[in-house]
> 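This structure is in structure tokens; I'll ask about it shortly.
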Amino acid sequence: QVQLVESGGGLVQAGGSLRLSCAASGRTFSSYRMGWFRQAPGKEREFVATISRNGGSTYSANSVKGRFTFSRDNAKNTVYLQMNSLKPEDTAIYYCAAGLGWDLRGPSDVNYWGQGTQVTVSS
């Protein structure tokens, strides 16, 4: 299994940027498909982005395309979510996720979750 620890959340003005990090334990980090999800108060946990095992391809939700960039550094056992042009609607707890399957597009694909990091975007 893998243990995931997110960091980098905080309070930012609309239009600003944050970079989230997720550090993973284990020697087989590259074997996991990684993803980011978010959950706002009173809402379901929703998909944000996913990245392939070698980092060669990414897919993100329409709501964040062009603003968020997902990357991974397998040598550091770490993935990153660069969040630019943040909007108040991006306010949520952001969760790092790892999956063993072919893809990771929904909560049912997730085998391991991080503890979450709060992102708050003010207007």
Side-chain angles (χ1 to χ4, degrees):
Q1 63 178 43
V2 62
Q3 186 174 28
L4 308 172
V5 180
E6 304 97 329
S7 61
L11 175 64
V12 65
Q13 292 278 352
S17 298
L18 287 172
R19 190 179 76 158
L20 305 183
S21 299
C22 174
S25 65
R27 297 177 294 173
T28 58
F29 174 70
S30 63
S31 68
Y32 293 95
R33 183 93 179 188
M34 300 297 294
W36 287 96
F37 293 77
R38 66 187 183 186
Q39 188 166 20
K43 298 181 66 177
E44 297 291 315
R45 190 167 299 186
E46 66 176 350
F47 169 78
V48 175
T50 188
I51 192 166
S52 61
R53 287 169 169 81
N54 65 0
S57 63
T58 60
Y59 177 81
S60 58
N62 289 336
S63 60
V64 305
K65 283 182 178 177
R67 300 188 298 119
F68 292 8
T69 302
F70 200 176
S71 62
R72 71 188 295 165
D73 187 340
N74 287 346
K76 296 181 178 180
N77 280 15
T78 303
V79 298
Y80 307 93
L81 186 67
Q82 180 65 48
M83 308 165 66
N84 298 325
S85 301
L86 283 162
K87 306 174 181 179
E89 66 190 66
D90 296 317
T91 296
I93 300 174
Y94 283 71
Y95 295 92
C96 183
L100 297 170
W102 177 72
D103 208 348
L104 201 161
R105 300 289 183 91
S108 63
D109 298 319
V110 176
N111 295 101
Y112 305 101
W113 293 99
Q115 84 285 359
T117 185
Q118 177 71 48
V119 172
T120 302
V121 184
S122 63
S123 60

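The figures that follow rest on heavy atoms only: side chains count, while hydrogens, waters and symmetry mates do not. In what follows, residues are counted from 1 in the order of the sequence shown. Because the structure is a prediction, the values reported are computed rather than measured.
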> Could you give the distance from OG (Ser25) to CG (Asn77), rounded to the nearest 0.5 Å?
8.0 Å
> Picking from Val110, Ile51, Asn111, what satisfies side-chain contact (heavy atoms from CB on, under 4.5 Å) with Leu104?
Val110
> With clusters defined by side-chain heavy atoms of hydrophobic residues (ILVMFWY) lying less than 4.5 Å apart, directly or transitively, does Leu86 cluster with Tyr95?
no
> Please find the pair of heavy atoms, one from Ala14 and one from Pro88, that lie closest to each other, and give the distance.
CB-CD, 4.1 Å
> Please report the shortest heavy-atom distance between Ser17 and Ser85, naming the atom on each side.
OG-N, 4.3 Å
> For Leu18 and Gly8, which heavy atoms make the closest approach, and how far apart are they?
CD2-O, 3.9 Å
> Check the angle between the aromatic planes of Phe47 and Tyr59 and answer parallel, tilted or perpendicular using the 30° and 60° thresholds.
parallel
> Whether Arg33 and Asp109 form a salt bridge (side-chain N of Lys/Arg under 4.0 Å from carboxylate O of Asp/Glu) is what I want to check.
no
> For the CD atom on Gln115, are there more than 12 heavy atoms of other groups (residues, nucleotides or ligands in this structure) within a distance under 6.0 Å?
yes
> Enter the distance from Leu100:CG to Arg53:CZ here, rounded to the nearest 0.5 Å.
7.0 Å
> Does Val64 form a side chain to side chain contact (heavy atoms under 4.5 Å, CB included) with Met83? I'd like the steps, not just the answer.
CA-CA 9 Å; Val64 305; Met83 308 165 66; over 6 Å; no
> With clusters defined by side-chain heavy atoms of hydrophobic residues (ILVMFWY) lying less than 4.5 Å apart, directly or transitively, does Leu81 cluster with Tyr112?
yes
> Determine whether Phe70 and Val48 satisfy the following criterion, side chain to side chain contact (heavy atoms under 4.5 Å, CB included), listing intermediate values before the conclusion.
CA-CA 10 Å; Phe70 200 176; Val48 175; over 6 Å; no
> Measuring from atom CD of Gln118 to atom OH of Tyr94, what distance do you get when rounded to the nearest 0.5 angstrom?
9.5 Å
> May I ask you to test the Arg38-Ser63 pair for a side-chain heavy-atom distance under 4.5 Å?
yes
> Drop me the distance from Met34's CE to Thr78's OG1, to the nearest 0.5 angstrom.
9.0 Å
> Roughly how far, to the nearest 0.5 Å, is OH of Tyr32 from CG of Asn74?
12.5 Å
> Could you pull out the closest heavy-atom pair between Gly56 and Asn54, with the gap in Å?
N-OD1, 2.9 Å
> Would a hydrophobic clustering, with Ile, Leu, Val, Met, Phe, Trp and Tyr connected at side-chain separations under 4.5 Å, put Leu4 with Tyr80?
no
> May I ask you to list the residues sharing a hydrophobic cluster with Val5, side-chain cutoff 4.5 Å, ordered by chain and number?
none
> Please answer whether the main-chain N or O of Gly55 pairs with a side-chain N or O of Arg72 as donor and acceptor at a distance below 3.5 Å.
no
> If you draw a 6.0 Å radius around NZ in Lys43, do more than 12 non-hydrogen atoms from other residues or ligands fall strictly inside?
no
> For the CZ atom of Phe37 and the CZ atom of Arg105, what is their distance to the nearest 0.5 Å?
10.0 Å
> With heavy-atom distances below 4.5 Å as the criterion, would you say the side chains of Cys96 and Trp113 are in contact?
no
